[in-house]
Amino acid sequence: MILGAGRAVSMTDEEFRLIRDLICDFCGIYFEDSLKFLVERRLQPRLPVFGFVSFRDYYRLIKYGRECEREFDEIVERVTTNETYFFREAYQLRAFTDEILPMVVAQRSEGRIRVWSAGCSTGEEPYSIAMLLDKCPIVAGRPVDVFGNDISRKVLRTARAGMYTQASFRSTDNAYIKEYFHRDGRTYQLDERIRNRVTFGHLNLMDENALALIGKVDVILCRNVIIYFNHASRARLLATFYRKLRPGGFLLLGHSESLVNETKDFELAPLTNDMVYRKPGEGSLL
Ligand SMILES: C[S@@+](CC[C@H](N)C(=O)[O-])C[C@H]1O[C@@H](n2cnc3c(N)ncnc32)[C@H](O)[C@@H]1O
């Protein structure tokens, strides 16, 4: 039971399951039964906006209403977890520069190299990649496209602005802050040179039509995203990643995510700095 606009509104178990399943169909994010309180709490403020007195009415709105698309934008801002920071999982980024990139460069002697940060949140992940590329002699003179996508419009605004606070630097060497950021009081503006290396776009990873616009890529970072998905959504997304990767291309997941029990399409590539996944093909083990 929670309070909103002066009255108590609770979500029944049935309403929870209906709304939970719609959210999952839309964006892949799945709430276990034990998280009903969270969905109730986060969506409750939406009821008075429409003058609704029950979550059943809200369910009807997002299932059948003309405004359902706009309302899902609202829901996304309330149910996504956007936690991120620069140089997260540094050992994996070391594997990216020291081992993965040299293999990609050797594999593809010409053309643009493409790196996709899928679920990039406020941009720290693709910008970390861009800073590393800036220092990476192996790609000197070689065009590398880095692009980041997210379903949340709010995080993308921050990403595009490239403006951060101390919380984003918990894993960043001071040398990088000095070299690539301009401090103004409590905020740190990322240098334009690095900002210009990354392109951001709004994209729902569950939206097949939108995904069709993304061409083949060499490396996908999808870290700390599928941990919030259910098995069916993960399977859909992994099949997409498989199609988007070039043969021998790499898939980097978060440290608590794995493809065990998900798919056998990818091979495990044991690198010195990390274990990552790879689409079988050119240069791979299979
Ligand atoms: C926890 S953050 C991870 C950010 C970054 N990859 C990292 O590891 O630091 C997860 C991000 O995935 C995004 N996300 C979740 N579901 C998505 C979907 N269906 N399509 C696109 N982005 C999604 C969320 O909005 C959120 O910003």
Side-chain angles (χ1 to χ4, degrees), residues 20-31 35 38-39 42 69 72-96 115-132 146-162 164-165 167-172 190 198-214 217 219-241 244 250-258 274 276-277:
R20 177 260 307 273
D21 290 350
L22 278 188
I23 293 173
C24 187
D25 284 350
F26 178 72
C27 65
I29 296 172
Y30 184 77
F31 292 93
L35 293 176
L38 205 84
V39 177
R42 292 191 182 169
E69 218 165 278
F72 266 114
D73 274 355
E74 270 296 332
I75 292 176
V76 159
E77 302 305 344
R78 287 161 189 273
V79 302
T80 51
T81 302
N82 311 115
E83 162 84 0
T84 187
Y85 46 91
F86 289 106
F87 300 101
R88 188 175 195 175
E89 293 166 32
Y91 59 91
Q92 195 177 55
L93 298 181
R94 225 169 7 254
F96 172 78
V115 181
W116 177 19
S117 168
C120 65
S121 189
T122 36
E124 287 89 328
E125 180 176 275
Y127 282 144
S128 300
I129 293 289
M131 286 186 266
L132 291 168
V146 183
F147 58 103
N149 294 114
D150 205 281
I151 193 171
S152 158
R153 296 182 193 278
K154 189 170 165 209
V155 295
L156 289 171
R157 279 197 290 276
T158 303
R160 290 190 177 109
Y164 298 96
T165 59
S168 294
F169 298 108
R170 69 194 83 160
S171 175
T172 309
L190 181 58
V198 182
T199 314
F200 290 100
H202 177 252
L203 178 109
N204 177 358
L205 291 167
M206 291 290 108
D207 181 347
E208 300 289 341
N209 294 332
L211 286 163
L213 301 174
I214 292 184
V217 297
V219 182
I220 299 174
L221 293 100
C222 186
R223 309 190 305 166
N224 310 296
V225 177
I226 62 169
I227 194 172
Y228 301 103
F229 285 18
N230 69 354
H231 177 70
S233 314
R234 283 200 285 266
R236 260 175 75 184
L237 183 57
L238 292 166
T240 301
F241 286 163
K244 296 290 171 194
F250 291 86
L251 172 63
L252 279 58
L253 300 176
H255 75 274
S256 54
E257 297 163 324
S258 97
D274 195 13
V276 299
Y277 292 96

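Atoms within each ligand, like the ligands themselves, are counted from 1 in listed order.
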Short N/O distance, under 3.5 Å, between [X] and ligand 1?
| X | answer |
| --- | --- |
| Asn204 | yes |
| Ile151 | yes |
| Cys27 | yes |
| Ser152 | no |

Flag if over 12 foreign heavy atoms under 6.0 Å of CD, Glu208: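 Counting other residues, nucleotides and ligands, CD of Glu208 exceeds 12 neighbours.
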
Above 12 or not: heavy atoms from other molecules or residues under 6.0 Å from NE2 of His255?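 No, the 6.0 Å shell around NE2 holds no more than 12 heavy atoms from other groups.
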
Under a 4.0 angstrom heavy-atom cut-off, which atoms of ligand 1 come close to [X]?
| X | result |
| --- | --- |
| Ser121 | 4 (C), 27 (O) |
| Asn224 | 1 (C), 2 (S), 3 (C), 7 (C), 8 (O), 10 (C) |
| Arg223 | 3 (C), 5 (C), 6 (N), 7 (C), 8 (O) |
| Phe229 | 16 (N), 19 (N) |
| Leu203 | 20 (N), 21 (C) |
| Glu125 | 5 (C), 6 (N), 7 (C), 8 (O) |

Which label fits [X] and [Y]: parallel for a plane angle under 30°, tilted from 30 to 60°, or perpendicular past 60°?
| X | Y | value |
| --- | --- | --- |
| Phe169 | Phe86 | parallel |
| Phe72 | Phe26 | parallel |
| Trp116 | Phe147 | parallel |

Answer yes when Glu83 and Arg170 have at least one side-chain N-carboxylate O distance shorter than 4.0 Å, and no when they do not.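 Salt bridge between Glu83 and Arg170, a charged N being under 4.0 Å from a carboxylate O: yes.
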
Report yes or no: does Phe26 have a heavy atom closer than 4.0 Å to ligand 1?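 Judged by the 4.0 Å heavy-atom criterion, Phe26 does not count as contacting ligand 1.
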
Go through the steps to decide whether Asn82 and Thr80 satisfy the test side chain to side chain donor-acceptor pair (under 3.5 Å), and finish with yes or no. CA-CA 6 Å; Asn82 311 115; Thr80 51; 3.3 Å; yes

Protein contact to [atom] [nearest heavy atom, distance to 0.1 Å]:
| atom | value |
| --- | --- |
| atom 7 (C) of ligand 1 | Arg88 NH1, 3.3 Å |
| atom 15 (C) of ligand 1 | Ile29 CD1, 3.9 Å |
| atom 20 (N) of ligand 1 | Leu205 N, 2.9 Å |
| atom 13 (C) of ligand 1 | Asp150 OD2, 3.3 Å |
| atom 4 (C) of ligand 1 | Gly119 O, 3.3 Å |

Could you tell me whether Thr122 approaches ligand 1 through its side chain, its backbone, both or neither, with non-hydrogen atoms closer than 4.0 Å?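 The answer is neither.
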
Answer whether the closest heavy-atom distance between the side chains of Leu252 and Glu89 falls below 4.5 Å.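 No, their side chains stay 4.5 Å or more apart.
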
Under 4.5 Å between any side-chain heavy atoms of Leu205 and Thr240, yes or no?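 Of all side-chain heavy-atom pairs linking Thr240 with Leu205, none is under 4.5 Å.
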
Using only atom types and a distance under 3.5 Å, with no angle test, would you say the side chain of Glu125 pairs donor to acceptor with the backbone of Ser117?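 Side chain of Glu125 to backbone of Ser117, a donor-acceptor pair under 3.5 Å: no, none is there.
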
Counting the benzene-type ring for Trp, do Tyr127 and Phe200 have ring centres under 6.0 Å apart?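 When the ring centroids of Tyr127 and Phe200 are compared, they turn out to be within the sub-6.0 Å range.
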
Heavy-atom nearest neighbour of atom 2 (S) of ligand 1 within options Val155, Thr80, Thr81, Thr84: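 Looking at heavy atoms only, the winner is Thr81.
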
